[in-house]
Engineer: 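This is the structure I want to talk about, given as structure tokens.
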2 protein chains.
Amino acid sequence: MSEIRNTRDEILDAAESMMRTAGYNAFSTRDVAASVDIKAASVHYHFPTKSDIGAAVAHRYTQRFIDSLGDSAAFKGNADKAVAHYADAFRTALVRDGKLCLCAVLGAETGGLPPEVAASARIFFERNLEWLTAALNEHGKRGIPAALSRATLVLASLEGAMILSKSLANQAVFERVVRGLLLTPGK
Amino acid sequence: MSEIRNTRDEILDAAESMMRTAGYNAFSTRDVAASVDIKAASVHYHFPTKSDIGAAVAHRYTQRFIDSLGDSAAFKGNADKAVAHYADAFRTALVRDGKLCLCAVLGAETGGLPPEVAASARIFFERNLEWLTAALNEHGKRGIPAALSRATLVLASLEGAMILSKSLANQAVFERVVRGLLLTPGK
DNA sequence: GTCTATAATTTGATAGAC
DNA sequence: GTCTATCAAATTATAGAC
């Protein structure tokens, strides 16, 4: 059932893959078209400009990522479990897809992005810090400032870990960072 | 004295600034030429190809960065001091230059770089892990595996912190990560 | 919704004069 | 070492037929 082809989604899939591999400025609308097996003009029918594609990819990515985390309230009272669960989401992105976090790439390119695309990456970070802070804030036991501090360290470490791991072509580097995070939980 | 202009260095300065702001794929040899106030053909006299510029920029950046750290042996026995000193080098890059670490950007773009440029970024990470591991390895007290684990966490955190800080346009984010690192020293 | 055709610009790079 | 001139290719995007 439903083998109806959704060109719009296929465009986003192809663009996301290329952005996470090489960055926003390393792919062209023609590359996307070739990957989807249509012509560049057809891509522009679905997304008038390239930055529309970039912003749509980032928006979808953020939605999916936050959704995959589930309810942050489920971890209240167990900060280690929250961090381990959160790290799993990054590991999946790195290992299953073999690619970086989209927003690690966009964040690194910030100064060279169309404003809407840069803004979409910023929103990813904001929403992730919100989720993590909520998950780590053990109902007053820890306190919001400490939870935010810990959340920022966790997010920064994992984004950096993906970059190191990819650059060095060594997944063990990612795992070392996760282990380090869990062994030093800011207790 | 010595107001002799060194075009080669000016090209590297301009390219480094652009790469750290927007990435390798976001600048052209003409952009560099305009910044140095020469023509694009003259840029190609000094560096035959664009990837030659990229690799030279990364090589010079790594050399300078490692040099600025000084002797890692100076910190043996004081891991916290080593991390604080190391974080200072990143803070300088972020605050004084207002830019990301070159290799955070290149690492994020890995899949879209000419092989020599990607290799240069990899070398930056390797040499930084070596320096940090040496500085953190308190002559057997900690042990190489633990020092390497801690070193990887420190490097990943700081690279990620720069990206978050830049994307969110908020230096406090960087400082939160540094504070978090120092408060949870994996003791 | 997808195509052909094309416009307008930018890109990395070279040849050869000065 | 720097320039002018130029090239071939690639880029984002549009007009208009089907």
Side-chain angles (χ1 to χ4, degrees), chain A residues 2-19 21-58 105-106 109 111-120, chain B residues 2-58 60 105-106 109 111-120:
Chain A
S2 132
E3 294 163 18
I4 317 142
R5 171 173 164 152
N6 187 333
T7 305
R8 199 191 135 93
D9 287 344
E10 287 178 38
I11 289 169
L12 294 179
D13 290 343
E16 178 182 318
S17 172
M18 290 171 187
M19 288 166 73
T21 299
Y24 178 82
N25 290 303
F27 79 94
S28 71
T29 52
R30 275 176 152 80
D31 293 333
V32 171
S35 173
V36 177
D37 206 38
I38 56 178
K39 297 297 174 183
S42 302
V43 172
H44 284 289
Y45 167 80
H46 295 277
F47 300 94
T49 68
K50 186 185 169 182
S51 56
D52 290 329
I53 302 177
V57 166
V105 182
L106 295 182
E109 290 182 300
L113 297 179
E116 326 93 83
V117 181
S120 300
Chain B
S2 132
E3 294 164 20
I4 316 142
R5 171 173 161 149
N6 186 334
T7 306
R8 199 192 135 92
D9 287 345
E10 287 179 37
I11 290 169
L12 294 179
D13 290 344
E16 179 183 317
S17 172
M18 291 171 186
M19 287 167 73
R20 289 176 62 188
T21 299
Y24 178 83
N25 290 303
F27 80 95
S28 71
T29 52
R30 277 174 152 84
D31 293 332
V32 171
S35 173
V36 177
D37 206 39
I38 56 178
K39 297 297 173 182
S42 302
V43 172
H44 283 289
Y45 167 79
H46 294 279
F47 299 94
T49 69
K50 186 185 171 184
S51 57
D52 289 330
I53 302 176
V57 165
R60 188 185 69 164
V105 182
L106 295 183
E109 290 182 299
L113 298 178
E116 326 93 83
V117 182
S120 300

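Naming: A, B, ... by sequence-line order, numbering from 1 per chain.
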Engineer: Suppose we screen for side chain to side chain contact (heavy atoms under 4.5 Å, CB included). Which residues come up paired with Ala58(B), at least two apart in sequence or across chains?
Structural biologist: Leu102(B), Leu106(B), Ser120(B)

Engineer: Any side-chain N or O of Thr7(B) under 4.0 Å from OP1/OP2 of dG1(D)?
Structural biologist: no

Engineer: Whole angstroms only, please: what is the CG-C1' distance between Leu113(A) and dT12(D)?
Structural biologist: 17 Å

Engineer: Show every donor-acceptor pair shorter than 3.5 Å between a side-chain atom in residues 37-47 of chain B and any protein atom, with sequence neighbours excluded, or say none if there are none.
Structural biologist:
from     : atom 1 : to       : atom 2 : distance (Å)
His44(B) : ND1    : Pro48(B) : O      : 2.9

Engineer: Quickly work out the Lys39(A) NZ to dT12(D) P distance and round it to whole Å.
Structural biologist: 16 Å

Engineer: Under the side chain to side chain donor-acceptor pair (under 3.5 Å) rule, collect the residues that match up with Ser35(B), sequence neighbours excluded.
Structural biologist: none

Engineer: Sugar-phosphate means primed atoms, P, OP1 and OP2; the rest is base. With that split, encode nucleotides 7-18 of chain C 5' to 3' as B, S or - using protein heavy atoms under 4.0 Å.
Structural biologist: ----BBBBB---

Engineer: Please enumerate all residues that pass side chain to side chain donor-acceptor pair (under 3.5 Å) together with Ser51(A), with sequence neighbours excluded.
Structural biologist: Thr49(A), Glu116(A)

Engineer: For residues 5-16 of chain B, tabulate all N or O donor-acceptor pairs below 3.5 Å that involve a side-chain atom, not counting sequence neighbours.
Structural biologist:
from     : atom 1 : to       : atom 2 : distance (Å)
Arg5(B)  : NE     : Glu10(B) : OE2    : 3.4
Arg5(B)  : NH2    : Val36(B) : O      : 2.8
Asn6(B)  : OD1    : Arg8(B)  : N      : 3.2
Asn6(B)  : OD1    : Asp9(B)  : N      : 3.3
Asn6(B)  : ND2    : Asp9(B)  : OD2    : 3.1
Asp13(B) : OD1    : Arg60(B) : NH1    : 2.9
Asp13(B) : OD1    : Arg60(B) : NH2    : 2.9
Glu16(B) : OE1    : Arg60(B) : NH2    : 3.2
Glu16(B) : OE2    : Arg20(B) : NH1    : 3.1

Engineer: May I ask you to evaluate whether Tyr45(A) reaches the phosphate of dT2(C), defined as a side-chain N or O under 4.0 Å from OP1 or OP2?
Structural biologist: no

Engineer: So, does Asn25(B) use its side chain to make a donor-acceptor pair with the main chain of Gly23(A) at under 3.5 Å?
Structural biologist: no

Engineer: Please report the distance, rounded to the nearest Å, between CD1 in Ile38(B) and C1' in dT4(D).
Structural biologist: 15 Å

